[in-house]
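The first residue in the sequence is number 1, and the count goes up from there.
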Amino acid sequence: MKTKQNSILTIGAIFTMAVVFFAFTSPQDAWEVPAKYKTMQNKFKGDDKDGVGEDLYAQHCRSCHGKTGLGDGTKSKELKTKIRSLASKEVQAQTDGELYYKGIIGREEMPNFEKKITEEEDRWMLVNYMRSLGE
């Protein structure tokens, strides 16, 4: 009887340790983008007019996302979040509105830039520049 009880306790302990381990090592939650952003249209779609997006990227994004958007910026190693390559098929497959939401609104370690990038056209130029990183 005692052996059976010890076995149950051992299995229970292993199960508990596995749950705790996977809770802290599981992939990051999916980044839910509100519907209004998923369908948001880029009124300034196309090129990064006058290099505004590239300048904004250099000022606000490069330190984490890296010079070419590969997620290898100087600050990237300090973050808990693994930064995806902006050139990846996964990122480039997102709608302009999704990129806008993630790049401007942000969440957790990805800062909000609504107060730093106030002009709507400038925000879209940044999205256009992010698109160019996938080319």
Side-chain angles (χ1 to χ4, degrees):
M1 183 72 165
K2 214 169 202 186
T3 304
K4 187 175 182 180
Q5 191 176 25
N6 285 340
S7 295
I8 292 171
L9 288 173
T10 302
I11 291 170
I14 291 170
F15 177 77
T16 302
M17 288 176 17
V19 167
V20 169
F21 175 76
F22 286 111
F24 290 105
T25 61
S26 64
Q28 200 178 43
D29 293 337
W31 194 332
E32 274 306 309
V33 175
K36 85 175 200 175
Y37 288 97
K38 285 182 182 179
T39 59
M40 186 184 247
Q41 296 299 307
N42 182 348
K43 298 174 191 152
F44 305 97
K45 193 171 187 81
D47 292 335
D48 169 22
K49 188 168 76 177
D50 298 328
V52 170
E54 183 175 11
D55 290 344
L56 289 168
Y57 181 88
Q59 183 179 358
H60 299 294
C61 311
R62 186 172 55 200
S63 62
C64 293
H65 290 278
K67 186 175 182 179
T68 59
L70 299 178
D72 58 352
T74 55
K75 290 185 178 179
S76 65
K77 292 174 182 74
E78 299 170 19
L79 303 174
K80 292 182 284 179
T81 307
K82 182 181 182 316
I83 300 175
R84 290 189 176 103
S85 167
L86 298 176
S88 72
K89 290 179 183 178
E90 176 188 30
V91 171
Q92 292 293 320
Q94 296 175 56
T95 68
D96 283 354
E98 288 172 308
L99 293 178
Y100 178 100
Y101 181 80
K102 292 176 179 183
I104 302 300
I105 308 302
R107 76 164 192 184
E108 298 169 3
E109 290 186 298
M110 177 64 195
N112 179 294
F113 288 103
E114 291 174 292
K115 291 182 181 174
K116 290 184 178 183
I117 306 172
T118 57
E119 296 297 320
E120 193 70 13
E121 183 175 4
D122 291 351
R123 293 174 181 182
W124 286 114
M125 290 301 112
L126 181 56
V127 170
N128 292 344
Y129 181 72
M130 287 192 290
R131 287 276 181 229
S132 76
L133 296 172
E135 296 174 350

Does Ile104 reach the side chain of Asn112, with side-chain heavy atoms less than 4.5 Å apart?
no
Donor-acceptor contact present, side-chain Thr39 to main-chain Ala35, <3.5 Å:
yes
Mark yes or no for whether Thr81, through its side chain, and Ile83, through its backbone, hold a donor-acceptor pair below 3.5 Å.
no
Below 4.5 Å, heavy atoms only, C-beta onward: do Met130 and Val91 meet side chain to side chain?
no
Which of parallel (below 30°), tilted (30 to 60°) and perpendicular (above 60°) describes Tyr57 and Tyr129?
tilted
Is any side-chain heavy atom of Met110 less than 4.5 Å from a side-chain heavy atom of Lys102?
no
In the structure I gave you, are the side-chain heavy atoms of Met125 and Leu56 within less than 4.5 Å of one another anywhere?
no
Using a 3.5 Å distance criterion without hydrogens, assess whether the side chain of Glu109 forms a donor-acceptor pair with backbone atoms of Lys80.
yes
Between Thr118 (side chain) and Lys115 (backbone), is there a donor-acceptor pair under 3.5 Å?
no
Ignoring hydrogens and angles, state whether a donor on the side chain of Asp47 or Asn128 is under 3.5 Å from an acceptor on the partner side chain.
no
Is a side-chain N or O of Arg123 found less than 3.5 angstrom from the main chain of Gly103, in a donor-acceptor match?
no
Heavy-atom side-chain proximity of Leu79 to Cys64 below 4.5 angstrom
yes
Under 3.5 Å: donor-acceptor pair, side chain of Asp50, backbone of Val52:
no
Any heavy-atom pair between the side chains of Ser132 and Asp48 that's under 4.5 Å?
no
Could you tell me whether the side chains of Lys116 and Gln59 share a donor-acceptor contact shorter than 3.5 Å?
no
Do the non-hydrogen side-chain atoms of Gln94 and Lys38 ever get within less than 4.5 Å of each other?
no
Once you round to the nearest 0.5 Å, how far does CH2 of Trp31 lie from CD1 of Ile105?
10.0 Å
So, do Met40 and Glu98 sit near enough that their side-chain heavy atoms are less than 4.5 Å apart?
no
